[in-house]
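This report refers to the structure that appears directly beneath it.
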Amino acid sequence: MIKIVLGSDHGGLELKQAIKTHLETRNCESITDLGTYTTDSVDYPDFAEKVCTSILNQDADLGILVCGTGIGISIKANRYKGIRAALVHDTFTAQMCKEHNNANVLCLGGRTTDTDTALTLIDTWLDATFEGGRHQNRLDKLDA
Ligand code: RB5
């Protein structure tokens, strides 16, 4: 079973709440919401940092980050060595980012992706399996 951490800014708050509710229907060991918790304006890098640090400290296996577009929060997440964050908008990239890139953070836009689509993308990502092999060689080069 996996441990998942969630984070968002105010632009991703509403979608994050829906994601949390959805994940509770799946067989996760834990789902931890690291904020933000209100609609007050906050800075997305702070929540990317909380989620990425949790994964790098091995307190969690996977993370989901949401901001208005998913762009800023994915940029920040990918500055951490060992984090492979993928901003996705469709099921093909949601599947590929696990199968080929072993993305350990999925990024979504609360203002760009509707809730039903976002939950489908999350299920696609969680249900996909990293293929390893030549793809592992490439991942090794990311962190070299
Ligand atoms: C906040 O207004 C917005 O800029 C942020 O959520 C995100 O879209 C940045 O990439």
Side-chain angles (χ1 to χ4, degrees), residues 1-131 135-136 138-144:
M1 286 204 290
I2 53 169
K3 297 182 211 170
I4 301 183
V5 276
L6 308 177
S8 78
D9 70 356
H10 53 290
L13 176 67
E14 196 176 324
L15 180 55
K16 176 166 62 69
Q17 309 280 38
I19 291 168
K20 192 173 169 189
T21 302
H22 177 70
L23 289 175
E24 284 162 359
T25 68
R26 291 187 60 112
N27 204 16
C28 299
E29 183 175 332
S30 65
I31 302 152
T32 307
D33 183 355
L34 298 177
T36 189
Y37 306 114
T38 75
T39 54
D40 293 350
S41 182
V42 291
D43 300 332
Y44 56 80
D46 298 338
F47 297 90
E49 180 179 11
K50 288 175 193 286
V51 163
C52 294
T53 301
S54 174
I55 294 168
L56 294 172
N57 288 342
Q58 301 187 329
D59 294 327
D61 304 304
L62 298 174
I64 298 173
L65 287 170
V66 192
C67 67
T69 59
I71 296 171
I73 214 158
S74 64
I75 291 172
K76 176 63 176 175
N78 276 314
R79 293 187 176 199
Y80 293 88
K81 193 171 183 176
I83 294 296
R84 295 173 302 279
L87 170 59
V88 299
H89 297 95
D90 58 76
T91 53
F92 181 71
T93 47
Q95 184 170 340
M96 284 300 110
C97 79
K98 179 68 85 55
E99 291 185 355
H100 287 194
N101 312 111
N102 202 15
N104 51 7
V105 174
L106 197 75
C107 300
L108 295 160
R111 296 173 183 155
T112 59
T113 302
D114 66 81
T115 301
D116 286 349
T117 301
L119 300 183
T120 299
L121 299 182
I122 287 168
D123 284 339
T124 300
W125 173 63
L126 290 175
D127 291 339
T129 304
F130 178 51
E131 291 178 359
H135 301 297
Q136 183 59 56
R138 293 161 186 168
L139 298 192
D140 292 342
K141 290 187 177 185
L142 293 179
D143 290 333

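Remember, it's 1-based here, ligands and their atoms both numbered in the order they're listed.
Closer than 4.0 angstrom to ligand 1 by heavy atom are D9, H10, Y44, C67, G68, T69, G72, R111, sorted by chain and number.
Every residue meeting the side-chain hydrogen bond (donor to acceptor under 3.5 Å, both in side chains) condition with T93, not counting sequence neighbours, appears here in chain and number order: D90. Residues that satisfy the side-chain contact (heavy atoms from CB on, under 4.5 Å) test with N57, not counting sequence neighbours, are T53, D59.
Here SG of C107 is found 13.0 Å from NZ of K76. Values are rounded to the nearest 0.5 Å. Between the OG atom of S41 and the CG atom of D9 there is a distance of 7.5 Å, given to the nearest 0.5 Å.
Contact check on R26 versus D123 returns a salt bridge, with a Lys/Arg side-chain nitrogen under 4.0 Å from an Asp/Glu carboxylate oxygen.
Residue pairs meeting the salt bridge (charged side-chain N to carboxylate O under 4.0 Å, His left out) criterion with at least one member in residues 30-50, sequence neighbours excluded, are K16-D33, K20-D33.
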